[in-house]
Participant: 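This is the structure I have questions about; it appears just below.
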Amino acid sequence: MSTFKKKTFNALYSSFAIFSCLALGKLCSYFAPILPASLYGLIIFTVTLHFRLFNAEHIKSTVVWCIKHMGVCFVPAGVGIINHFDLIKQFGIAIVAITFVTTFVLLTLVGLHYQRYAIDEEPN
C-alpha cells in the first residue's frame, strides 16, 4: 500500500473510530445525563481500544497529529477569558491563588503517596 493510501486509510479509520465513539457518547448522555457526552465518548473510545475493537496502530498517527496541534483547541478558551475580563479583574487574584494552592496540594499528595509506596516496593 502506498504511503498516501496508508495515511488516507488511517485518517478515515481514525475519524470513524472517534466519531462513532462520540455518537455513542451522545446516545449515552441522552439516556443517562450524568456526564457530558464527550466524556462518555472518551470512556467508550478508551474501552474500545482496550478491548482492541479498533486497531490502535491505525489510530496512532492521527492521535499524535491531533495532540501536536492541540493548541488550536485552546484559542476559544482564551477568547472566553477575554469576554469575561471584568470577572477576571474582580476575582483574578483568588483564581490564581486557588490554582497555585490546589496544584501544590495535589503535587504534594502525589509525591508523598509515591514515596510511601515506592519505598515499600524496593527490593531488599
Participant: Looking at CG of Leu24 and OG1 of Thr48, how far apart are the two atoms once the value is rounded to the nearest 0.5 Å?
Facilitator: 9.0 Å
Participant: To the nearest 0.5 Å, what is the distance between OG1 on Thr46 and CG on Leu42?
Facilitator: 4.5 Å
Participant: So if you build clusters from Ile, Leu, Val, Met, Phe, Trp, Tyr with side-chain heavy-atom gaps below 4.5 Å, do Leu12 and Phe16 land together?
Facilitator: no
Participant: Counting only N and O atoms by type, is there a donor-acceptor contact under 3.5 Å from the side chain of Tyr40 to the main-chain atoms of Ala23?
Facilitator: no
Participant: What are the two closest heavy atoms between Asp86 and Asn83, and how far apart are they?
Facilitator: OD1-O, 4.4 Å
Participant: Following the transitive rule for hydrophobic clusters with a side-chain heavy-atom cut-off under 4.5 Å over Ile, Leu, Val, Met, Phe, Trp and Tyr, establish whether Phe104 and Leu109 coincide in one cluster.
Facilitator: no
Participant: Ile95 and Thr99: which non-hydrogen atoms are nearest, and at how many Å?
Facilitator: O-OG1, 2.7 Å
Participant: Please, which pairs that meet side-chain hydrogen bond (donor to acceptor under 3.5 Å, both in side chains) have at least one residue in residues 57-77, sequence neighbours excluded?
Facilitator: Asn10-His58, Ser14-Thr62, Asn55-His58, Trp65-His69
Participant: For the residue pair Cys28 and Ile44, what are the closest heavy atoms and their distance?
Facilitator: SG-CD1, 4.0 Å
Participant: With a 4.5 Å cut-off on side-chain heavy atoms, are Leu22 and Phe45 touching?
Facilitator: no
Participant: Please walk me through it: do Val110 and His113 pass side chain to side chain contact (heavy atoms under 4.5 Å, CB included)?
Facilitator: CA-CA 5 Å; Val110 168; His113 184 75; 5.7 Å; no
Participant: Is there a path of hydrophobic side-chain contacts, each under 4.5 Å between heavy atoms of I, L, V, M, F, W or Y residues, that connects Ile67 with Leu49?
Facilitator: yes
Participant: Say whether Val63 and Met70 are linked into one hydrophobic cluster, either directly or through other cluster members, by side-chain heavy-atom distances under 4.5 angstrom.
Facilitator: yes
Participant: Assigning hydrophobic clusters by single linkage (Ile, Leu, Val, Met, Phe, Trp, Tyr; side-chain heavy-atom cutoff under 4.5 Å), is Tyr13 placed with Val47?
Facilitator: no
Participant: Only one of Thr102, Val96, Val101 forms a side chain to side chain contact (heavy atoms under 4.5 Å, CB included) with Ile98, so which one is it?
Facilitator: Thr102
Participant: Nearest 0.5 Å please: distance from the CD1 atom of Ile18 over to the CD1 atom of Ile59.
Facilitator: 6.5 Å
Participant: For the residue pair Phe54 and Cys21, what are the closest heavy atoms and their distance?
Facilitator: CE1-SG, 3.9 Å
Participant: Quick one: OG1 on Thr3 to NZ on Lys5, what's the gap to the nearest 0.5 Å?
Facilitator: 11.5 Å
Participant: In terms of heavy-atom contacts, does CG of Leu106 have more than 12 from other residues, nucleotides or ligands at under 6.0 Å?
Facilitator: yes
